[in-house]
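Notes follow once the structure below has been shown.
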There are 2 protein chains.
Amino acid sequence: MNQYSILQSSAPMPGPKTPKTRKGLATKAKLLEAAEAEFGERGYHDGSIVEITRRAGVGLGTFYVYFESKEAIFRALVTHMGHETRTFIARQVEDAPDRLQAERAGMRAFFHFARAHKNLYRIVMESQFVAEDSYRAYYEAFAEGYRRNLEIAADKGEIRDGDSGIRAWSLIGLSVFLGMRYAVWDESTDLEAVVDAASDLIERGLIVGR
Amino acid sequence: MNQYSILQSSAPMPGPKTPKTRKGLATKAKLLEAAEAEFGERGYHDGSIVEITRRAGVGLGTFYVYFESKEAIFRALVTHMGHETRTFIARQVEDAPDRLQAERAGMRAFFHFARAHKNLYRIVMESQFVAEDSYRAYYEAFAEGYRRNLEIAADKGEIRDGDSGIRAWSLIGLSVFLGMRYAVWDESTDLEAVVDAASDLIERGLIVGR
DNA sequence: TGCAAAATTGAATATTGATTCATGTTTCAA
DNA sequence: TTGAAACATGAATCAATATTCAATTTTGCA
């Protein structure tokens, strides 16, 4: 029962082969796990199927029992990460008392998730060039949820009015870049300090105001 | 006398061959221009040298007279774009009366540049996976300049105090994502509206304050 | 003008790795 | 227990293309 519960999904996935037996399930999960490591470390183009199967401890041919192609498994990984990330962040945010607290919690969660899952993080980034539609879907799902939350908060009067769509993309970009710079590139940065500084910026802005 | 004046650079570039004649200069420039189109349209891995030379109207072998490898010309493009972008933005920003105006002008300039140079924009993004050091250098140069400007503005009291490094990366990420979403993906968005909404956010923040 | 350096060329080389497939093994519902 | 469906396998195929190189042409200085 590992993280790759995508497998259970009853929807008749486009992928040609959904495992029917216990063993099949296990093998597919091993392949996904191996692919995550391989693509995360070597990137999509340098990553090889043979190496994925070697890591998974199965024969080369087995790969094509579960995935149509190299690109197919890569897409599966991106979709998977989308769910994982959103779920994780939502969980960390759920009992924040208001939107500003939620922003902090969400940003903190994202940074920690990114640092703990550098491979998945890289895979999502790279999907922009391997499977652009997956990439867009990933961020559009993110942005839409974010937008809705901002909208609600504005209605409640917890934050100022403003274009929620643009704000959502702004805040996503901000977190992605801070995550890349301080959570992924720089292993040792104190993430709490980054959260504080960034929160200060998005809460109060640059203006010297009162 | 086109944009590729990198060529003139007197520094004895690592690249093995610096053209010595008028014709050589022209050929190298044609190759860079062709590579920009090819990589921009097909991406690094699907882009091919043969196709670059075809676009440039030269023989295949000619490529290796001017560039060590496929990766070398790609790197040259990234470096080139770094200069172009920073120069362009600096020019648009230079006579802003204060930092907040400069932020607006810089963001506007970036969006328009991105929309007008989608190929270069894509190449920079992709460099993260092809030549990560070029990618980092690109953004670090950006961030450092930005940081310095914020620092100066804070000293002058034009903006509130705060961590300028983190702010710089935040604002870059914000612009990069807005640029991707509204300038590159969506051809028809009114960029001025995006600048206004985003500026409102970074100037005044989310807080309902007075 | 003459010639050494610079530039041009594309066929041949060399490597790499995704995908196929025919055959053998394992699982599990009846 | 059993046999049809699922799984597993890796050698062979097939395609793609980056890079080299030896021969030829052009450029520009003395």
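So you know, we letter chains A, B, ... as the sequences are listed, proteins then strands, and number each from 1. We use all heavy atoms of the structure for the numbers below, so side chains are in, but hydrogens, waters and symmetry mates are not.
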Between [Y] and [X], is there a side-chain heavy-atom distance shorter than 4.5 Å?
X	Y	value
B:K30	B:V58	yes
A:H45	B:V130	no
B:Y44	B:R122	no
B:Y121	B:V176	yes

- [ ] Could you pull out all residues at least two apart from B:E187 that satisfy side chain to side chain contact (heavy atoms under 4.5 Å, CB included)?
- [x]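 Expected list: B:R115, B:K118.
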Open item on the list: Quick check for you: name the first and last nucleotides of DNA chain D, 5' to 3', having an atom under 4.0 Å from a heavy atom of chain B.
Closed with: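 Listed 5' to 3', the contact boundaries are D:dA18 to D:dG28.
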TODO: Determine whether more than 12 heavy atoms belonging to other residues, nucleotides or ligands lie under 6.0 Å from atom CZ of A:R91.
DONE: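 At most 12 heavy atoms, drawn from other residues, nucleotides or ligands, come within 6.0 Å of this atom.
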Task: Chi angles and distances behind the ring-ring contact (aromatic ring centres under 6.0 Å, His included) call for A:Y146, A:F142 - done: CA-CA 6 Å; A:Y146 214 142; A:F142 234 113; 7.5 Å; no
- [ ] Taking salt bridge (charged side-chain N to carboxylate O under 4.0 Å, His left out) as the test, write out the residues that go with B:D190, two or more places apart.
- [x]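 B:D190 satisfies salt bridge (charged side-chain N to carboxylate O under 4.0 Å, His left out) with no other residue.
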List every contact pair, protein side and nucleotides 28-30 of chain C side both N or O, where the distance is under 3.5 Å.
| unit_1 | atom_1 | unit_2 | atom_2 | d |
| --- | --- | --- | --- | --- |
| C:dC28 | OP1 | A:R22 | N | 3.3 |

Task: Name of the residue among A:R54, A:K70, A:R55 meeting salt bridge (charged side-chain N to carboxylate O under 4.0 Å, His left out) with A:E38 - done: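 Single salt bridge (charged side-chain N to carboxylate O under 4.0 Å, His left out) partner of A:E38 among A:R54, A:K70, A:R55: A:R55.
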Open item on the list: Among residues at least two apart in sequence or on other chains, which ones pass ring pair (Phe, Tyr, Trp, His ring centres under 6.0 Å) with A:F177?
Closed with: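 Only B:Y139 meet the ring pair (Phe, Tyr, Trp, His ring centres under 6.0 Å) criterion with A:F177.
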TODO: Report, as a single string ordered 5' to 3', how protein heavy atoms within less than 4.0 Å touch nucleotides 10-25 of chain C: B base, S sugar-phosphate only, - not at all.
DONE: BB------SBB-----
